[in-house]
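Below is one structure, written out as structure tokens, with a few remarks after it.
All ligand and atom numbering here is 1-based and tracks the order in the structure. What you are looking at is a predicted structure, and each value in this text was computed from that prediction instead of being measured.
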Amino acid sequence: MARLLVTGGAGFIGSNFVHHALAHTDHHITVLDKLTYAGNAASLEGLDPSRFRFVHGDIVDAALVDELFADVDAVVHYAAESHNDNSLHDPRPFLDTNIVGTYTLLEAARRHGTRLHHISTDEVYGDLELDDPARFTETTPYNPSSPYSSTKAGSDLLVRAWVRSFGVAATISNCSNNYGPYQHVEKFIPRQVTNVLRGIRPKLYGAGENVRDWIHAEDHSAAVLTILDKGEIGETYLIGADGEKNNKEVVELILELMGEPADAYDHVTDRAGHDLRYAIDSTKLRSELGWTPAYQDFEAGLAATIEWYRDNESWWAPAKDATEAFYASKGQ
Ligand code: NAD
Ligand code: DAU
């Protein structure tokens with residue numbers, strides 16, 4: 001049994017990790033979350049209070065972070081500003097949380113000798129051409145495109161520097177696009193699913209040729225537990241499930257699974273600087289640490305995710321109108 005501190009545990013992937021770790025280990029978990037617009041306490045309702053506690057606070061708050069690090073064996077750091085479109089509108093919170101927040105955690109890890117796992121993204125590597133046979137690996141040079149991905153890249157480099165210069169016991173993982181329950185309606189798949197549920201046509205940026213490499217959040221959680229258990233300090237592991245699909249294919253599949261005509265969507269203004277394609281080669285994680293994804297069938301995983309949104313309107317409805325009003329103001 002270990003005592004884990006999970007930052008950003010009220011967000012999409014963090015809350016999936018908390019549910020997964022409580023179900024598959026005997027760890028005790030403390031979540032530290034600021035409950036920004038992206039955090040939702042309802043995602044953590046009903047958890048066993050003898051193994052779970054929630055702390056409302058900011059990872060930039062050094063005194064609070066120091067106090068929490070004193071009582072845990074390891075930290076899994078999910079907290080971030082995570083949405084590319086928001087980073088184009090207002091980059092500042094991305095610098096505060098992704099850069100200064102990660103710095104604050106690293107300094108606490110250094111003081112307390114705490115094991116830290118830093119959650120990052122494949123977007124740090126930039127993008128690939130559609131016909132490029134290569135995929136991202138742990139040695140691909142960093143080349144981020146957006147304020148979001150550049151602050152994530154900066155946070156990764158801070159972790160690497162704190163490992164090398166101060167001996168902090170950290171690992172990093174860079175994962176591809178996640179889907180599953182508890183994802184905010186600003187993101188692609190929940191936005192389109194909840195649009196259809198509301199009778200609004202899905203919105204596709206540009207021509208919809210951009211490719212994302214989809215992985216179920218449950219598989220991401222299992223990979224992180226594997227790295228915490230068996231990962232080598234100082235190493236980076238890429239997490240992906242060979243799920244490349246272009247956005248047009250995904251929208252058409254959502255419409256088909258929801259009983260609508262496959263062409264019942266609108267093309268809207270493209271995202272500035274829109275990355276064309278991400279693709280992960282997760283050979284290192286699979287061969288060195290023995291992880292394999294359980295969700296191999298994207299259509300089945302997507303159908304289950306659609307059902308979750310159908311059954312949990314009270315979870316997503318409070319954020320839906322404001323999210324659509326913001327997109328409408330940008331022509332998206
Ligand atoms: P999210 O936006 O759904 O959740 C982020 C959480 O962090 C929220 O609960 C929010 O309240 C909290 N938070 C934000 N700023 C904070 C602060 N200063 N202090 C404390 N808490 C704060 O994000 P997500 O999609 O779950 O992503 C989680 C992590 O995984 C991020 O680091 C992201 O870069 C990474 N990631 C995401 C994906 C993806 O597909 N969503 C893929 C790869 C990596
Ligand atoms: O690759 C990992 C990254 O995946 C994470 O680091 C980010 O935190 C996460 O948000 C996600 O980034 P993307 O920008 O790829 O995700 P998003 O859901 O915003 O968009 C997915 C694709 O769908 C992208 O090509 C843009 C497109 N899109 C998005 C929205 C919201 C649309 O076509 N229409 C939309 O309405």
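For atom 5 (C) of ligand 1, the nearest non-hydrogen atom from the set Ala80, Gly9, Ser82 belongs to Ala80. Of the candidates Gly39, Gly8, Cys175, it is Gly8 that places a heavy atom closest to atom 7 (O) of ligand 1. Considering Tyr148, Phe94, Trp214 only, the shortest heavy-atom separation from atom 34 (O) of ligand 1 involves Tyr148. Nearest-heavy-atom check against atom 25 (O) of ligand 1 across Tyr37, Phe12, Tyr182 picks out Phe12.
Residue contact annotation: Lys152 has a non-hydrogen atom under 4.0 Å from ligand 1. Within the 4.0 Å heavy-atom cutoff, Asp58 counts among the residues contacting ligand 1. At a 4.0 Å cut-off, not a single heavy atom of Thr7 sits close enough to ligand 1 to count as contact. Using a 4.0 Å heavy-atom cutoff, Pro93 is absent from the residues neighbouring ligand 1.
For atom 20 (C) of ligand 1, the closest non-hydrogen atom of the protein is Lys34 N, 3.2 Å. Summary of contacts: the protein heavy atom closest to atom 4 (O) of ligand 1 is Gly11 CA, 3.3 Å. Scanning all protein heavy atoms for the shortest distance to atom 31 (C) of ligand 1 gives Tyr78 O, 3.2 Å.
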Return a table of N or O atom pairs, ligand 2 on one side and protein on the other, at distances under 3.5 Å, rounded to 0.1 Å.
from	atom 1	to	atom 2	distance (Å)
ligand 2	1 (O)	Asp122	OD1	2.5
ligand 2	1 (O)	Asn177	OD1	2.7
ligand 2	4 (O)	Asn177	OD1	3.4
ligand 2	4 (O)	Asn177	ND2	3.0
ligand 2	6 (O)	Thr121	OG1	2.7
ligand 2	6 (O)	Tyr148	OH	2.6
ligand 2	8 (O)	Ser82	O	2.8
ligand 2	8 (O)	Tyr148	OH	3.0
ligand 2	10 (O)	Ser82	O	3.3
ligand 2	12 (O)	Glu123	OE2	2.9
ligand 2	14 (O)	Asn84	ND2	2.9
ligand 2	14 (O)	Arg271	NH1	2.6
ligand 2	14 (O)	Arg271	NH2	3.4
ligand 2	15 (O)	Asn177	ND2	2.9
ligand 2	15 (O)	Arg212	NE	2.7
ligand 2	18 (O)	Phe188	N	2.9
ligand 2	19 (O)	Arg271	NH2	2.8
ligand 2	23 (O)	Asn247	ND2	3.4
ligand 2	25 (O)	Arg212	NH2	3.2
ligand 2	25 (O)	Asn247	ND2	2.9
ligand 2	25 (O)	His274	NE2	2.7
ligand 2	33 (O)	Tyr205	N	2.8
ligand 2	34 (N)	Lys203	O	2.9
ligand 2	36 (O)	Arg191	NH1	2.7
ligand 2	36 (O)	Gln192	NE2	3.1
ligand 2	36 (O)	Lys203	O	3.4

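Between Phe17 and Tyr78, the angle of the ring planes lies from 30° to 60°, which puts this pair in the tilted group.
At a 4.0 Å heavy-atom cut-off, ligand 1 does not touch His83 at all.
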(request) Report the C-alpha distance between Tyr179 and His216 in whole Å, list the side-chain angles of each, state the deciding distance to 0.1 Å, and finish with yes or no for ring pair (Phe, Tyr, Trp, His ring centres under 6.0 Å). (result) CA-CA 5 Å; Tyr179 71 99; His216 197 281; 5.1 Å; yes
